[in-house]
Amino acid sequence: MTKNDVVTRFPPSPTGMMHIGNARTALFNWLYARHCEGKFLIRIEDTDRERHNDEAVEVIKESLKWLSLDYDNEPESQYENRQRHIDVANEMVKNGQAYYCYCTPEELQGMRDSAKAEGRSASYDRRWRDRPAEDAPAGVKPVIRVKAPLEGKSVINDEVQGEVIVDNSTLDDLIILRSDGTPTYMLAVIVDDHDMGITHVIRGDDHLNNTFRQNVIYDALGWDQPTYAHLPLIHGADGAKLSKRHGAVSVQEFQQLGYLPESVMNYLLRLGWGHGDQEFFSTEEAVKLFDLKGVNKSAAKFDYVKLESINAHYMKEADNDRLIDLVAPFLQTGHDMIISEIGLARLQAGMDGLKDRSKTLVELASESIFYLVDADKIAYTEKGEKHLNADAKPVLEGLLSAMKNISPFTHDAIEEGCREFANAHADGKLGKVMMPLRAALTGTDKSPSLFEAVEILGKDEVCARIQKAIQHIG
RNA sequence: GUCCCGUUCGUCUAGUGGUUUAGGACACCGCCCUUUCACGGCGGCAACACGGGUUCAAAUCCCGUACGGGACGCCA
């Protein structure tokens, strides 16, 4: 097999959200396929028909699209392949590789209990494995189970985990067809992987134990096993499997929190994989450098703070117009604000100063507001009010006439004007002038450089805001 | 409980027997810059889980212990 024969797959089950851990699995599969110039396929794991719904599939597609993980097939439904799975199961019974089992759920539970009590790993006692067909109880629908080897050892050579050996006595005769005649995941995944020509199965290591049981089916069918790579799981801060209680967990949530897709991808890539001291990777670099051998074997804890700092990095690098497009929905849903024509011009002019200071799009949105509202809509926060006191009134009044005389109304001229004013009226203390001005223009005590903001806002708007602040002080 | 996997600064990691006083990033602390908050710059704190081997030499190899995680479904 040459490199570009590689075919990987991402098999999400349609749960209505894409877990961030699954997103990383998808990333690694995609990266490996692209690195090898092979194929990356999607398959929806919906053998459990109750799980299936079209909206959930859409969520998966949208999440993949947001992450820019393109795939080389039209996502197929495992449910659609059910007849093929059933045929395979029946064939295995015919060949003596699988058998009907008539146990009731209660019997099975009893076996599990005693297996646990006796310290055995496999629980099913195989009571139907060699029983003649005549013993079948009437009216009971059987399941089909595979015949796992009774003794010896099984080995897999995992690209990440290395050689893993398991004693066959710990293997169960797993169920491949349910009593209602539907195939189980364990069967479907193998048949579909085989039929789709999957060469590399890259998945979470919660499947590592399953691998040995699944290989029984590969062997029975005479099919080649794929190359395996079991990725360590992503944990929350407390070391347990990452879940809702740790915070955001789905791709959509990270999007809503204002993270850029490239930040999420870069963060996920570095969780369990590294390339020397390098922290940031473009997609091209990641594709070029990624390899399975470099994947760590130990689980990583998800660090929201680090993701945030990576996002801050990518915000700085992002194109201004793109950021404006991205921030618009946050302004609308978070602040009920539509970007007007004049607002757009101001954002374009001020984005360099804005994006350096924001860690997320949510922050960018709130930092942008003062550029977008009209003078009479400026809302003074508690911190802004502090700078709009009686002492500030004469300062603002003086500033108002000083501003009117500045021409041309540019950054440097504004700075010069402000410094002169501070020298003449505030003992040369620029802060005494700028903080009231800042409160007047933005309503609060934090903002980008005011010389820049004043220029962008323009003389009329600045004067109007100062005027309003003076009235506000009363 | 049984089986499997793991264990380097708080976190993500570099490190594959000598190049290591164990490197980087985030976080944290300090200083500088400064019209605010940030950004940025500089500096600091901080780790090889433990115990045995193997070897001239071990974070790196082997064994054990402890701790953590995963799997043990007619879920995927």
Side-chain angles (χ1 to χ4, degrees), chain A residues 11-15 45-48 50-51 78 101 103 105 108-109 112 115-123 141-145 158 160-162 164-167 169-172 174-186 188-189 204-213 230 232-233 235 237-241 267 270-280 296-310 312 316 353 355-359 363 367 383 387 415 418-419 422 429-435 437-439 442 444-451:
Chain A
S13 55
T15 58
E45 305 281 275
D46 55 0
T47 57
D48 181 7
E50 282 173 26
R51 285 195 185 203
Q78 196 152 60
C101 166
C103 288
L108 259 12
Q109 189 54 50
R112 271 195 285 274
K116 198 160 263 190
E118 292 161 30
R120 279 181 291 111
S121 186
S123 62
K141 298 241 193 225
V143 298
I144 294 180
R145 308 184 89 117
D158 193 279
V160 173
Q161 304 292 333
V164 185
I165 303 171
V166 125
D167 207 297
S169 65
T170 65
L171 265 30
D172 243 331
L174 78 225
I175 294 172
I176 55 175
L177 207 71
R178 303 185 184 101
S179 55
D180 65 1
T182 60
T184 61
Y185 159 81
M186 289 293 181
V189 70
D205 71 8
D206 48 343
H207 286 282
L208 187 56
N209 287 296
N210 284 339
T211 307
F212 294 95
R213 304 196 286 159
H230 285 93
L233 267 20
H235 290 164
D238 61 357
K241 218 171 177 177
Y267 180 69
R270 289 285 289 106
L271 226 45
W273 183 83
H275 185 260
D277 285 343
Q278 190 170 346
E279 297 289 342
F280 296 103
N296 284 152
K297 299 169 85 167
S298 54
K301 290 178 184 165
F302 198 97
D303 184 354
Y304 295 90
V305 177
K306 182 138 187 181
L307 203 213
E308 195 162 82
S309 85
I310 288 176
K316 289 189 188 80
K355 69 182 180 184
D356 278 2
R357 341 169 14 87
S358 305
K359 291 198 179 81
E363 285 183 22
E367 290 266 327
K383 291 185 172 170
H387 296 281
E415 174 164 4
C418 288
R419 287 191 190 281
K429 295 211 166 95
L430 238 201
K432 287 201 167 172
V433 176
M434 301 310 278
M435 288 315 289
L437 211 212
R438 173 166 282 112
T442 69
T444 185
D445 66 343
K446 288 180 246 179
S447 82
S449 165
L450 281 187
F451 305 135

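Each chain gets a letter, A, B and so on, in the order the sequences are listed, and its residues count up from 1.
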Open item on the list: Base, sugar-phosphate or nothing for A:Ile165? Non-hydrogen atoms, less than 4.0 Å.
Closed with: sugar-phosphate
TODO: Taking only the side-chain heavy atoms of A:Lys297 (C-beta and beyond), determine which of B:U36, B:G6, B:A76 contains the nearest atom.
DONE: B:G6
Task: From B:C74, B:U35, B:C5, nucleotide with atom closest to A:Val143 side chain - done: B:C74
Task: Mutual orientation of the aromatic rings belonging to A:His207 and A:Tyr185 [parallel < 30°, tilted 30-60°, perpendicular > 60°] - done: tilted
- [ ] Rounded to whole angstrom, note down the P distance from B:C42 over to B:A25.
- [x] 10 Å
Open item on the list: Rounded to whole Å, please give me the gap between NE2 in A:His230 and C1' in B:C4.
Closed with: 11 Å
Open item on the list: Using side-chain hydrogen bond (donor to acceptor under 3.5 Å, both in side chains), reason through A:Thr182 and A:Arg178 one step at a time and then give a plain yes or no.
Closed with: CA-CA 5 Å; A:Thr182 60; A:Arg178 303 185 184 101; 2.8 Å; yes
Open item on the list: Applying a 4.0 Å non-hydrogen cut-off, can you work out what A:Asn210 is touching in the nucleic acid: base, sugar-phosphate, or nothing?
Closed with: base
- [ ] Identify whether any heavy atom of A:Asp445 sits under 4.0 Å from a base atom; if not, whether one sits that close to sugar-phosphate; answer base, sugar-phosphate or nothing.
- [x] base
Task: B:U65 and B:C9, which share atom name P, separated by this distance in whole Å - done: 23 Å
Open item on the list: Whether the side chain of A:Ser123 and the base of B:C72 hold a donor-acceptor pair under 3.5 Å is what I'd like checked.
Closed with: no
Open item on the list: Between B:C72 and B:G15, how many Å separate the two C1' atoms, rounded to a whole number?
Closed with: 36 Å
Task: Separation of the C1' atoms in B:G24 and B:C45, to the nearest angstrom - done: 16 Å
Task: Closest listed nucleotide, where the reference is the side chain of A:Lys316 and the choices are B:U36, B:C39, B:C12 - done: B:C39
Task: Euclidean distance for C1', B:G52 against B:A58 (whole angstrom) - done: 14 Å
TODO: Assign A:Cys418 to base, sugar-phosphate, or nothing according to its heavy-atom contacts below 4.0 angstrom with the strands shown.
DONE: nothing
Task: Watson-Crick or G-U counterpart of B:C67, or none if no pair lies under 3.5 Å - done: B:G6
TODO: Answer with base, sugar-phosphate or nothing: what part of the nucleic acid does A:Lys429 contact at a heavy-atom distance below 4.0 Å?
DONE: nothing
TODO: Assign A:Ser298 to base, sugar-phosphate, or nothing according to its heavy-atom contacts below 4.0 angstrom with the strands shown.
DONE: sugar-phosphate
Task: Residue A:Lys301, side-chain atoms from C-beta onward, closest of B:C5, B:U35, B:U11 - done: B:U11
Open item on the list: Roughly how many Å apart are B:U60 and B:A22, using the P atom of each and rounding to a whole number?
Closed with: 14 Å
- [ ] Tell me what A:Pro12 touches on the nucleic acid: a base, only sugar-phosphate, or nothing, going by heavy atoms under 4.0 Å.
- [x] nothing
Open item on the list: By the 4.0 Å heavy-atom rule, please label A:Phe451 as base, sugar-phosphate, or nothing.
Closed with: base
- [ ] Answer whether the closest heavy-atom distance between the side chains of A:Asp180 and A:Lys141 falls below 4.5 Å.
- [x] no
Review item, nucleotides 68-70 of chain B N/O atoms under 3.5 Å of protein N/O:
unit_1	atom_1	unit_2	atom_2	d
B:G69	O2'	A:His235	NE2	3.2
B:G70	N2	A:Asn209	ND2	3.0

- [ ] With C1' as the reference atom in both, quote the distance from B:A27 to B:A47 in angstrom, rounded to an integer.
- [x] 15 Å
Open item on the list: Under a 3.5 Å cut-off for both contacts, is B:C72 paired Watson-Crick or G-U wobble with anything, and if yes, with which nucleotide?
Closed with: B:G1
- [ ] Kindly determine whether A:Asp206 and A:Lys241 satisfy side-chain contact (heavy atoms from CB on, under 4.5 Å), including the steps that lead there.
- [x] CA-CA 10 Å; A:Asp206 48 343; A:Lys241 218 171 177 177; 4.0 Å; yes
Task: Partner nucleotide, any strand, of B:A58 [Watson-Crick/G-U, under 3.5 Å] - done: none
TODO: Could you let me know what B:A14 is paired to, Watson-Crick or G-U wobble, both distances under 3.5 Å, or none if it's on its own?
DONE: none
TODO: Hunt down the Watson-Crick or G-U wobble partner of B:G43, both distances under 3.5 Å, from any strand shown, or write none.
DONE: B:C29
Task: Among B:G73, B:C4, B:C37, the nucleotide that comes nearest once only the side chain of A:Lys446 is considered - done: B:C37
Open item on the list: Counting only Watson-Crick pairs (N1-N3 plus N6-O4 or O6-N4) and G-U wobbles (N1-O2, O6-N3), all under 3.5 Å, who is the partner of B:U35?
Closed with: none
Open item on the list: Under 3.5 Å, is there any donor-acceptor pair linking the side chain of A:Ser449 to the base of B:U35?
Closed with: yes
Task: Proximity to the side chain of A:Arg438 - top-ranked nucleotide from B:C4, B:U35, B:C5 - done: B:U35
Under 3.5 Å between N/O atoms: give me all the protein pairs with nucleotides 25-29 of chain B, atom names plus distance.
unit_1	atom_1	unit_2	atom_2	d
B:A25	O4'	A:Glu279	OE2	3.0
B:A25	N3	A:Lys306	NZ	2.9

TODO: Please state the C1' separation for the pair B:U8 and B:G23 - nearest whole angstrom.
DONE: 11 Å
Open item on the list: Any base atoms under 4.0 Å from A:Ser358, or only sugar-phosphate, or nothing? Heavy atoms, all strands.
Closed with: nothing
Task: Protein-nucleotide distance (A:Phe212, atom CZ; B:U2, atom C1'), rounded to Å - done: 15 Å
TODO: Please work out if A:Leu208 contacts a base, only the sugar-phosphate, or nothing of the nucleic acid, heavy-atom cut-off 4.0 Å.
DONE: sugar-phosphate
Filtered N/O pairs between nucleotides 60-63 of chain B and protein, under 3.5 Å:
none

Open item on the list: For A:Arg419 and A:Leu430: C-alpha separation, side-chain torsions, deciding distance, then whether side-chain contact (heavy atoms from CB on, under 4.5 Å) applies.
Closed with: CA-CA 6 Å; A:Arg419 287 191 190 281; A:Leu430 238 201; 3.3 Å; yes
- [ ] May I ask you to say what A:Gly204 touches in the nucleic acid, namely base, sugar-phosphate or nothing, with a heavy-atom cut-off under 4.0 Å?
- [x] nothing
Task: pair A:Thr47-A:Gln78: side-chain heavy atoms closer than 4.5 Å - done: yes
TODO: Take A:Asn296 and A:Ser298, measure what side-chain hydrogen bond (donor to acceptor under 3.5 Å, both in side chains) needs, and give me the verdict at the end.
DONE: CA-CA 6 Å; A:Asn296 284 152; A:Ser298 54; 5.3 Å; no
Open item on the list: By nearest atom, which of the nucleotides B:U36, B:C72, B:C12 is closest to the A:Met435 side chain?
Closed with: B:U36
